[in-house]
Each structure stands twice: as structure tokens, then as C-alpha cells.
Amino acid sequence: MDREVRALWGRYADARDPEVREQLILHYAPLVKYVAGRVGVGMPSSVDHADLVSYGVFGLMDAIEKFDPGRGVKFETYAVTRIRGSIIDELRAVDWVPRSVRSQARKIEAAIQHLVHLRGRSPTDEELAEELDLEVSELQDALARMAMTSVAALDETLHVGDGDRIPLVETLQDLTAVLPEESVDDAATKALLREMIVRLTEREQMVLGLYYFEGMTLAQVGEVLGVTESRICQIHTKAVMALRVKLLE
Amino acid sequence: NEQVRRARAECEREEAGVSYARRVLQGRIDLLRVELERRHEGGHDLTTLLADLPRILASDQYPSDPLQARAVNVSVPEAAEVLEAEIDEIVDRAGLDDLGGRDADDLAQLIEELATYERYLSGLRRQLFERIDMLRDELVQRYKDGRASVGDLL
Ligand SMILES: Nc1nc2c(ncn2[C@@H]2O[C@@H]3COP(=O)(O)O[C@H]4[C@@H](O)[C@H](n5cnc6c(=O)[nH]c(N)nc65)O[C@@H]4COP(=O)(O)O[C@H]3[C@H]2O)c(=O)[nH]1
Ligand SMILES: Nc1nc2c(ncn2[C@@H]2O[C@@H]3COP(=O)(O)O[C@H]4[C@@H](O)[C@H](n5cnc6c(=O)[nH]c(N)nc65)O[C@@H]4COP(=O)(O)O[C@H]3[C@H]2O)c(=O)[nH]1
């Protein structure tokens with residue numbers, strides 16, 4: 001922390017002066033550029049990145065207000081979590097995923113859950129379409145519309161218990177690493193994910209592997225598998241839904 | 001496979017730190033540039049700067065495309081600490097005491113130094129991407145011919 005900022009926190013601790021608060025917001029505002037830049041990855045083109053920044057600034061203000069220097073946590077670490085949470089909460093408040101798409105996604109996930117219970121593995125598109133009384137092409141169109149490629153799309157549905165979210169991306173990326181400081185919950189979540197990944201179709205496993213473990217873009221994964229762009233979105237969405245269903249049990 | 005993955009994980013760990021420090025530094029440079037502009041125009045009002053944050057901090061973003069998406073996580077990487085310390089040193093060396101009292105020439109000088117460091121970080125980042133993408137392509141080749149699979153990761 002440079003000298004100037006340490007002095008600002010000192011003054012803010014003494015008296016909650018609004019002008020000092022504004023200087024702190026200005027100093028840490030670049031963190032919002034980082035978080036909004038990453039939460040914005042994979043969003044539909046209709047989402048305005050400047051809006052993500054303004055939602056993030058709310059989260060930063062909140063973090064400055066609530067930060068307790070005595071707790072020994074670095075402010076940046078605390079702030080990044082709050083900024084990310086604020087952007088996702090605000091996105092949900094403005095219904096960034098249309099309700100019709102959201103309710104359709106829920107129906108598809110309920111059908112996946114039923115079929116996974118029935119057969120102990122991820123359903124094929126044909127089995128899932130039949131369960132939903134849809135044509136396979138209708139199901140695939142619906143899946144192609146639900147790009148699960150952004151942190152917000154993956155993050156928001158995994159509200160567990162008292163509001164703590166399971167970041168699916170981090171958990172998947174960490175699946176292959178054994179973290180020393182892993183919590184019991186994280187270890188349990190990973191075990192569930194491993195159990196489910198082996199029950200996905202061969203192709204779904206490959207998509208998850210290349211996207212989450214090998215860090216490719218969806219377009220690159222599609223190229224490797226030799227499938228069209230909309231097809232790769234569908235396979236990815238269905239694979240992620242199967243994982244989410246497992247985690248929500 | 002293990003060896004290739006480990007080499008790539010090490011590069012990604014470093015890249016996470018460089019990308020974080022780079023984005024935060026870019027934000028800082030852009031804010032200081034707006035402040036310098038306002039200084040020349042004679043006005044200096046913090047509150048309007050805050051109202052303009054979305055425009056300033058999202059300046060280089062264009063509409064995203066889910067197909068170009070990559071799995072990202074949002075955290076403060078440990079590898080960023082060293083870089084952040086170097087950036088703090090540049091700011092401390094500029095010897096400016098607070099936001100309001102900076103002399104315009106000193107501010108312009110600081111911005112130039114930070115912009116030089118940002119170009120250095122962007123260059124480092126490009127090199128890391130090249131290496132990461134090369135190691136990844138090697139692994140993907142092994143996926144294709146069956147020498148690697150998701151199963152061996154679980
Ligand atoms: N292996 C590999 N990884 C790559 C490559 N390009 C980017 N990445 C990584 O993937 C993250 C997301 O990139 P993005 O989807 O383009 O999303 C980017 C992009 O939308 C934007 N951004 C970052 N730098 C620039 C830039 O110089 N110009 C523009 N126009 N946008 C940028 O901010 C978002 C987040 O950037 P970061 O935090 O740096 O996070 C980046 C970076 O860590 C690549 O060619 N290979
Ligand atoms: N989608 C995507 N594209 C990426 C990413 N990283 C780099 N690029 C692309 O590659 C170009 C060169 O990036 P650079 O070498 O880091 O060189 C960059 C970097 O040094 C700097 N820069 C980028 N964004 C910002 C910013 O927001 N503020 C400031 N002050 N500098 C920036 O300006 C140079 C030119 O930036 P651009 O005109 O945007 O041009 C960028 C952009 O088109 C990424 O993560 N995702």
C-alpha cells in the first residue's frame with residue numbers, strides 16, 4: 001500500500017469524512033475495471049460494460065464502508081469479492097436473463113435431474129427432448145440461447161444455504177489441484193463434480209475439459225471437436241446444467 | 001502430460017498476476033489522465049470524476065461474444081503482489097502528496113512512467129499468452145490422439 005493511501009485510511013478511521021471517502025473510492029476504482037472486465041467475459045452483447053462498472057462501484061463503496069483493517073485481510077481481496085457480488089446482484093435485479101429464458105432453463109434442469117436419477121448418467125439430447133415433449137431441434141435452440149459462459153450465469157444459480165455462492169468456475173478449475181487449505185465444503189463439492197463429470201457423455205466431458213481445464217475459448221473447443229458454433233454452446237450449456245443439478249441436490 | 005500441465009499452470013499463475021496488475025494499472029492511468037485534463041481546464045471536482053467512472057473504466061471494452069469467452073476466475077492473484085509493489089514504488093518516488101495538491105507537470109510525468117510500466121506488463125502478458133497457448137495446443141493434440149483425456153485429470 002503506498003504511503004498516500006495508508007494516510008487516507010487513517011483519516012477515514014478517525015472521522016468518516018465524505019471527501020476522504022471519495023478519495024478512497026477514486027484510489028481503488030481501478031479494481032472495478034479488473035472485476036467488471038472479468039465478469040463481462042462471455043456476457044451477451046446486449047450487456048453494457050459501463051453498467052457493469054457502475055454496479056461494481058456500488059460494491060466498492062460498500063467495501064470501503066464495511067472494511068475492518070483490524071481483521072488482517074487485505075482490502076483488495078475483500079473489495080474484489082464485494083465488487084463481484086455487487087455486479088452479479090445488480091444484474092439479477094435488472095433481469096439480465098429474460099424471465100422466459102430463466103424459467104425454461106429451470107424446466108430443462110429439472111428434466112436433466114429426473115433423467116440423471118433414472119439412468120445414473122447425463123441424458124442424450126434425444127432423451128431430454130422426449131422428457132420435455134420437445135423436438136430435438138427445439139431443445140437445441142433453447143440451449144443455444146442460454147450461454148452459460150459468464151461468471152454471472154454460472155455463479156448466480158448456485159446459491160446454497162445462507163447465501164454463500166459456489167463459484168463453479170473456480171471449483172472446476174481447481175478440480176485438478178489439491179489445495180492445502182481446502183474447506184470441507186470445497187472438498188465435498190469437488191467430489192460431487194468429479195462423480196458427475198464421469199457420467200456425462202464423452203463429448204460433454206471433452207468440452208468441459210478443454211474449456212475449464214485447458215483454458216480454451218468456446219470457439220476453439222468447437223474447432224477441436226469439429227462442431228458448429230451453436231452446437232458447442234448447446235453442449236457446454238447442457239454439461240454445465242448437469243453439473244449444477246448435481247450440486248444442488 | 002503432467003509435465004506440460006505443470007509448466008502451463010506455472011505460466012498461468014504468473015499471467016493471472018500480470019493481467020490483474022495490468023488492468024488495475026490501466027484504470028489508474030486512465031483516471032489520472034482525466035484528472036490532468038480537468039486540471040488544464042481549470043476545474044477540479046472529485047464528484048464529477050466519480051460519476052464518470054463507468055465511462056473511464058470501461059473505455060476499451062467492446063460488446064462481448066460468448067463464443068470468445070474463456071473460463072476466468074475473479075480473485076486477487078498472489079503473483080500480483082510483487083508487481084503492485086513495483087507500481088507503488090513508482091508512485092511513491094513521484095513524491096506527490098495528495099490528489100488535490102499535485103502539480104500538473106509532476107502529474108504528467110507520473111502518468112508517463114506508469115504508462116511505460118503498463119507497456120512492459122502488456123509485453124510480458126503477450127509473451128505468457130504465447131507460451132500458454134503453445135503448451136495448450138500441445139495438450140489438445142494429445143486429446144485428439146487419445147494420449148490425454150479428462151479422465152486423467154479427475
Ligand atoms: N491464454 C490466453 N489467455 C488470454 C488471451 N487473451 C486474454 N486472455 C485471458 O483471458 C481473460 C479474459 O479475456 P477476454 O475474454 O478477452 O476479456 C478481457 C477483455 O474483454 C478486456 N481486455 C483486457 N485487455 C484488453 C485490451 O488490451 N484491449 C481490449 N479492448 N480489451 C481488453 O478485459 C477482459 C479481461 O481481461 P483480463 O483480466 O486480462 O483476463 C483475460 C486474460 O487473463 C489469450 O490470447 N490467450
Ligand atoms: N479481447 C481482448 N483483446 C485483447 C486483450 N488483450 C489485448 N487485446 C488486444 O490486443 C491489442 C494490444 O494489446 P496490448 O499489447 O496489451 O496493448 C494495449 C495495452 O498496452 C494498452 N491498453 C489496453 N487497454 C487499456 C486501457 O483500458 N487503459 C490503458 N491506459 N491502456 C490500455 O493499450 C494497448 C492497445 O490496446 P487495444 O487498442 O485495446 O488493443 C489490444 C486489443 O485489441 C484481451 O484480454 N482481450
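Computed from heavy atoms alone, side chains included, the values below leave out hydrogens, waters and symmetry copies. Naming: A, B, ... by sequence-line order, numbering from 1 per chain.
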Trainee: Do A:Thr217 and B:Leu67 come close enough that some side-chain heavy atom pair is under 4.5 Å?
Mentor: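 The answer is no; the side chains never approach within 4.5 Å.
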
Trainee: Using non-hydrogen atoms only, which part of A:Leu193 is less than 4.5 Å away from chain B: side chain, backbone, both, or neither?
Mentor: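 When you check distances to chain B, no heavy atom of A:Leu193 falls under 4.5 Å.
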
Trainee: Between B:Lys144, B:Glu84, B:Glu12, B:Arg8, which shows the greatest number of heavy-atom pairs under 4.5 Å with chain A?
Mentor: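 Among the listed options, the one with the most contacts to chain A is B:Arg8.
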
Trainee: Could you pull out the closest heavy-atom pair between A:Val53 and B:Ala58, with the gap in Å?
Mentor: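 Between these two residues, the closest heavy atoms are CG2-CB, 3.9 Å.
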
Trainee: May I ask you to test the A:Leu210-B:Tyr143 pair for a side-chain heavy-atom distance under 4.5 Å?
Mentor: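 Yes, their side chains come closer than 4.5 Å.
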
Trainee: Looking at B:Arg70 and A:Gly215, would you say the former's side chain and the latter's main chain have a donor-acceptor pair under 3.5 Å?
Mentor: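 Judged by distance alone, yes, a pair lies under 3.5 Å.
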
Trainee: Has A:Arg16 got more than 12 heavy atoms of other residues, nucleotides or ligands less than 6.0 Å from its CZ?
Mentor: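 Counting other residues, nucleotides and ligands, CZ of A:Arg16 exceeds 12 neighbours.
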
Trainee: Looking at A:Met148, A:His236, A:Gln220, which makes the most heavy-atom pairs under 4.5 Å with chain B?
Mentor: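 Between A:Met148, A:His236, A:Gln220, the count favours A:Gln220.
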
Trainee: Is it the case that more than 12 heavy atoms not belonging to B:Glu138 sit under 6.0 Å from its CD atom?
Mentor: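 Check passes, neighbour count above 12.
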
Trainee: Looking at B:Arg55, B:Glu89, B:Arg5, which one has more heavy-atom pairs under 4.5 Å with chain A than the rest?
Mentor: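 Winner by heavy-atom pair count: B:Arg5.
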
Trainee: If I take atom CD1 from residue A:Ile25 and atom CG from residue B:Leu50, how far apart are they, to the nearest 0.5 angstrom?
Mentor: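 Between atom CD1 of A:Ile25 and atom CG of B:Leu50 there are 5.5 Å.
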
Trainee: Within a radius of less than 6.0 Å around CD of A:Glu229, do more than 12 heavy atoms belonging to other residues, nucleotides or ligands occur?
Mentor: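 Counting other residues, nucleotides and ligands, CD of A:Glu229 stays at 12 neighbours or fewer.
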
Trainee: Just wondering, more than 12 heavy atoms not from A:Tyr78 lying within 6.0 Å of its OH?
Mentor: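 It does: A:Tyr78 OH has more than 12 such atoms within range.
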
Trainee: Got a donor-acceptor contact below 3.5 angstrom from the A:Tyr34 side chain to the B:Ala21 backbone?
Mentor: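 Not at all, since once roles are kept as given, no pair shorter than 3.5 Å links the two residues.
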
Trainee: Is a side-chain N or O of A:Lys33 found less than 3.5 angstrom from the main chain of B:Arg23, in a donor-acceptor match?
Mentor: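 Absent.
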
Trainee: Where on A:Ala29 is there a heavy atom nearer than 4.5 Å to chain B: the side chain, the backbone, both, or neither?
Mentor: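 Looking at A:Ala29, backbone and side chain both touch chain B.
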
Trainee: Would B:Val150 and A:Glu204 count as a side-chain contact (heavy atoms from CB on, under 4.5 Å) here? Give the steps.
Mentor: CA-CA 10 Å; B:Val150 177; A:Glu204 286 168 347; over 6 Å; no

Trainee: Which atoms of B:Leu53 are under 4.5 Å from chain A, going by heavy atoms: the side chain, the backbone, both sets, or neither?
Mentor: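 Both backbone and side chain.
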
Trainee: Is there side-chain contact between A:His49 and B:Ser64, with heavy atoms separated by less than 4.5 Å?
Mentor: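 SC-SC contact between A:His49 and B:Ser64 confirmed.
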
Trainee: Would you mind reporting whether B:Leu31 and A:Pro30 have side-chain heavy atoms less than 4.5 Å apart?
Mentor: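 Yes, close enough: below the 4.5 Å cut-off.
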
Trainee: Heavy-atom distance under 4.5 Å to chain B: side chain of A:Val57, backbone, both or neither?
Mentor: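 When you check distances to chain B, only side chain atoms of A:Val57 fall under 4.5 Å.
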
Trainee: Taking side chain as everything from C-beta outward and backbone as N, CA, C, O, which of these in B:Asp133 sits under 4.5 Å from a heavy atom of chain A? Side chain, backbone, both or neither.
Mentor: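 For B:Asp133, there is no contact with chain A at all, as no heavy atom is under 4.5 Å.
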
Trainee: Given A:Glu76 and B:Val24, is the side-chain contact (heavy atoms from CB on, under 4.5 Å) satisfied, shown in steps?
Mentor: CA-CA 11 Å; A:Glu76 283 83 350; B:Val24 173; over 6 Å; no

Trainee: Could you look at B:Glu81 and say if it's the side chain, the backbone, both or neither that has a heavy atom under 4.5 Å from chain A?
Mentor: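 Contact with chain A: side chain only.
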
Trainee: Output yes when a side-chain donor or acceptor of A:Ser54 lies under 3.5 Å from a complementary backbone atom of B:Pro54, and no otherwise.
Mentor: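 It does not hold such a pair.
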
Trainee: Say you draw a straight line from CE of A:Met216 to CG of B:Asp137; how long is it, rounded to the nearest 0.5 Å?
Mentor: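 Separation between the atoms: 6.5 Å.
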
Trainee: Measure the CG-CG distance between A:Leu52 and B:Leu57 for me, rounded to the nearest 0.5 Å.
Mentor: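 Reported to 0.5 Å precision, the distance equals 12.0 Å.
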
Trainee: Heavy-atom distance under 4.5 Å to chain A: side chain of B:Arg22, backbone, both or neither?
Mentor: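 For B:Arg22, no heavy atom lies under 4.5 Å from chain A.
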
Trainee: Could you tell me which non-hydrogen atom of B:Ala69 sits nearest to which non-hydrogen atom of A:Thr149, and how far apart they are?
Mentor: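 Closest approach of B:Ala69 to A:Thr149: CB-CB, 3.7 Å.
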
Trainee: With a sphere of 6.0 Å drawn around CD of B:Glu78, does it hold more than 12 non-hydrogen atoms of other residues, nucleotides or ligands?
Mentor: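 At most 12 heavy atoms, drawn from other residues, nucleotides or ligands, come within 6.0 Å of this atom.
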
Trainee: So with a 6.0 Å cut-off around CZ of A:Arg121, is the heavy-atom count from everything else above 12?
Mentor: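 Check passes, neighbour count above 12.
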
